[in-house]
Amino acid sequence: MKKLHEGKIINIEKECKDTYKLSFKSDLRDIEAGQFLSILCPPKTLRRPFGVYDFNDGVITILFRLRGDGTNYLKNLKIGDTINFNAPLGHGFIQKDKKALIVGAGIGAAPLIYLNKQLKEKGIETRLISGFKEEDEVIKGSDYNKIGGTIVDEVEKYIDEFKPEVIYCCAPYIVLKLVSEIGLKRNIEVQVAMEKIMACGIGVCRGCIIQIKKKDKIENRSICGDGPVFYGCEVAWE
Amino acid sequence: MGIDLSVNFNKIKLKNPILTASGTYGYNTEFDDFIDINKLGGIVTKAISLKPRLGNEGDRLFETECGLINRIGLENVGIEKFLEVKKPVLDENNIFYILNIAGNSFDEYFKLAHICEKENIKAIEINVSCPNVKSGCLEFGTDPKTLYKLVKGIRKRYKSFLIIKLTPNVSDIESLALAVQKGGADAISAINTVKGLGVKLDYINNKFTKSFVQGGLSGKCIKPVALSMVKRIKEAVTIPVIGIGGISNYKDVLEFMCVGADAVQIGTENFTNPNVTEIILKDLENFMRENNFETLEDLKRSLRL
């Protein structure tokens with residue numbers, strides 16, 4: 001059930017360039033990889049959505065990259081401060097009992113590290129590959145990091161060598177689109193976690209809409225309410 | 001002794017003056033995880049049109065200082081599906097609701113009014129002021145003669161509680177309020193969003209890249225505009241006024257009542273704090289108890305002295 005929670009900050013540290021790791025304790029009992037929480041960042045009107053980087057015994061850890069007022073608010077939090085967050089929101093990755101290739105780029109790698117952990121705990125064989133622009137932007141935790149260029153170039157190679165039965169992806173829009181196209185071509189299921197500016201976070205305001213194909217009809221889906229995870233083959237990519 | 005927060009609009013009676021604003025609350029039980037909706041005076045549904053609408057393409061949101069610009073474009077399920085899927089949930093849960101309707105022509109508004117009458121919907125709010133649809137309802141909300149004709153036509157077809165929601169994007173709000181009253185509406189709600197422009201500007205590789213989000217501004221930043229409009233409307237007409245615009249706490253509610261609002265709607269703050277309506281209600285009640293106001297009418301009288 002969605003609920004407002006209070007989180008007590010127990011750690012905040014720099015992960016890499018412009019990227020911070022924030023851990024807080026709350027009464028949240030469960031959150032799946034790919035689901036998100038939305039944190040109140042006063043005085044901003046909109047809450048900021050974040051995927052989960054780790055969740056352990058009531059302690060949630062997120063990674064965030066500095067983008068503006070909201071993330072600056074988070075960066076200035078101190079141990080012992082409290083935050084107000086809404087969780088768990090949206091639908092996470094549908095974790096299949098299948099060999100999984102996990103593809104991340106930039107800050108999109110964060111929720112995939114949690115997904116990778118959850119899959120491994122279930123005894124599923126995985127490969128997590130991530131792309132970053134620069135060496136100092138690398139988020140640790142992947143099996144392979146590509147610096148510069150695009151991680152998309154590595155996906156087919158991993159399909160050939162690792163032979164995954166499903167691909168999970170969280171990355172900028174263009175990467176999600178290209179990986180979905182590869183999945184279609186190679187006949188492998190792709191699940192993508194999408195992001196857009198959100199207002200309500202619960203599917204009400206229709207602010208973060210994407211379009212999906214249902215047979216030959218186009219339908220709207222809200223990223224926050226129906227997603228953020230969608231099947232790549234369903235999305236009507238721009 | 002219990003405090004009487006009720007608002008009597010003759011045709012309808014609200015148990016308290018706290019309503020949710022259209023477009024910020026979905027259709028029925030979407031906020032059930034956060035509040036007990038039956039504690040509120042009621043909800044105003046997302047705007048419903050005659051046919052379903054997919055809404056606008058491209059970016060729909062732009063956050064501003066203390067506010068939000070949206071250009072959703074009236075995405076909604078359409079009246080048919082509303083009656084089939086959403087209304088039964090409202091009825092089953094005994095939720096008092098005001099159906100917000102929007103049209104593109106006289107004919108569409110009149111058909112919707114007729115359907116609402118036939119379906120015995122207790123209260124409707126007419127959106128004559130959505131700034132986000134091309135060739136849309138804004139035209140109806142900016143010209144007094146057109147608005148009068150529209151309200152009169154709807155009134156003829158719909159007998160229950162009729163609210164007209166006005167846009168602030170006009171220079172002479174008084175003449176529009178008077179047109180609404182003359183047309184036979186039961187109340188005015190104001191304001192809808194303020195027309196605004198968000199500019200996204202980047203400077204990359206010695207070149208500007210830009211994009212615009214043209215839409216309706218809402219949130220705390222529009223409260224002074226809303227207060228001014230409500231005051232002007234209240235001074236022009238005798239029908240009740242429902243105040244909307246940037247309300248985020250009970251003190252804002254007092255301010256709106258002070259300038260003439262008989263009830264209020266909470267909009268954008270629902271996104272920031274999904275339980276805000278219940279908090280406002282509780283705080284308003286506490287304020288009244290601590291200061292010995294037994295009824296909302298007493299409070300309003302005192303505020304308007």
Side-chain angles (χ1 to χ4, degrees), chain A residues 1-6 28 37-49 67-73 83-90 133 173 195-214 217-226 236-238, chain B residues 20-35 43 45-47 52-77 132 198 200 213 215 217-222 246 248 267-276 279:
Chain A
M1 192 175 105
K2 298 185 283 277
K3 203 183 137 201
L4 295 177
H5 300 264
E6 192 173 86
L28 182 70
L37 42 103
S38 67
I39 304 179
L40 190 65
C41 299
K44 301 309 289 178
T45 300
L46 301 184
R47 288 169 177 264
R48 299 298 193 259
R67 283 196 187 160
D69 299 341
T71 42
N72 268 322
Y73 160 82
I83 53 171
N84 173 311
F85 68 96
N86 194 359
L89 302 179
K133 275 189 203 134
Y173 186 91
E195 193 187 10
K196 257 189 184 180
I197 175 175
M198 292 172 183
C200 68
I202 56 173
V204 166
C205 74
R206 316 308 291 170
C208 61
I209 294 300
I210 60 151
Q211 300 202 309
I212 64 152
K213 297 170 286 191
K214 275 274 167 197
K217 260 180 74 185
I218 294 286
E219 291 179 10
N220 284 352
R221 293 285 184 275
S222 68
I223 291 178
C224 68
D226 302 312
W237 299 99
E238 287 164 20
Chain B
T20 63
S22 180
T24 64
Y25 217 83
Y27 299 103
N28 43 44
T29 56
E30 286 91 336
F31 278 68
D32 271 9
D33 287 341
F34 307 103
I35 66 155
I43 66 168
T45 68
K46 186 156 182 37
R53 291 178 57 106
L54 279 176
N56 287 329
E57 286 183 13
D59 288 345
R60 292 179 168 191
L61 300 170
F62 183 94
E63 193 179 17
T64 68
E65 292 301 316
C66 303
L68 172 69
I69 294 173
N70 87 78
R71 49 179 295 281
I72 309 296
L74 293 181
E75 177 182 350
N76 78 92
V77 297
N132 294 331
K200 281 189 203 171
V213 180
L217 178 65
S218 64
K220 287 176 184 159
C221 59
I222 70 164
S248 67
T268 301
E269 189 66 17
N270 286 312
F271 301 152
T272 317
N273 291 304
N275 56 352
V276 67
I279 292 170

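Basis for what follows: all heavy atoms, side chains included, without hydrogens, waters or symmetry-related copies. Every chain is numbered from 1 and lettered A, B, ... according to where its sequence line falls, protein lines coming before strand lines.
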Please classify the contact between A/Lys2 and chain B as side chain, backbone, both or neither, with a heavy-atom cut-off of under 4.5 Å. both
Any salt bridge linking B/Glu63 with A/Arg48? Criterion: basic side-chain nitrogen under 4.0 Å from a carboxylate oxygen. yes
At a 4.5 Å cut-off on heavy atoms, which part of A/Ile197 comes close to chain B: side chain, backbone, both, or neither? both
Nearest heavy-atom neighbours spanning B/Tyr25 and A/Val204: C-CG1, 3.5 Å
Evaluate the criterion side-chain contact (heavy atoms from CB on, under 4.5 Å) for residue pair B/Leu54 and A/Arg206; output intermediate values, then yes/no. CA-CA 10 Å; B/Leu54 279 176; A/Arg206 316 308 291 170; over 6 Å; no
Got more than 12 heavy atoms from elsewhere within 6.0 Å of CD, A/Glu219? yes
What distance do B/Thr268 atom OG1 and A/Leu46 atom CG have between them, rounded to the nearest 0.5 Å? 9.0 Å
Point-to-point distance, once rounded to the nearest 0.5 Å, from SG of A/Cys208 to CG of B/Leu61: 7.5 Å
Select one option (side chain, backbone, both, neither) describing which atoms of A/Gln211 are under 4.5 Å from chain B's heavy atoms. side chain
Shortest non-hydrogen contact from B/Glu75 toward A/Ile209: OE1-CG1, 3.5 Å
Using non-hydrogen atoms and a 4.5 Å limit, figure out which bit of A/Ile202 sits close to chain B: side chain, backbone, both or neither. side chain
Closest non-hydrogen atom pair between A/Cys205 and B/Phe271, with its separation: CB-CZ, 3.4 Å
Taking all atoms of both residues into account, what is the closest heavy-atom pair of A/Gly207 and B/Ile72, and its distance? CA-CD1, 3.7 Å
Do B/Asn273 and A/Arg47 have side chains that approach each other closer than 4.5 Å (heavy atoms only, starting at C-beta)? yes
If you draw a 6.0 Å radius around NZ in A/Lys213, do more than 12 non-hydrogen atoms from other residues or ligands fall strictly inside? yes
For the CD atom of B/Glu65 and the NZ atom of A/Lys44, what is their distance to the nearest 0.5 Å? 5.0 Å
For B/Lys220, does the NZ atom have more than 12 heavy-atom neighbours from other residues, nucleotides or ligands under 6.0 Å away? no
Pairs of heavy atoms under 4.5 Å with chain B: top-ranked of A/Leu4, A/Leu40, A/Asp69, A/Asn84: A/Leu4
B/Ser248, part contacting chain A, at a heavy-atom distance under 4.5 Å: neither
So which atom in B/Gly67 and which in A/Thr45 form the shortest heavy-atom distance, rounded to 0.1 Å? N-OG1, 3.2 Å
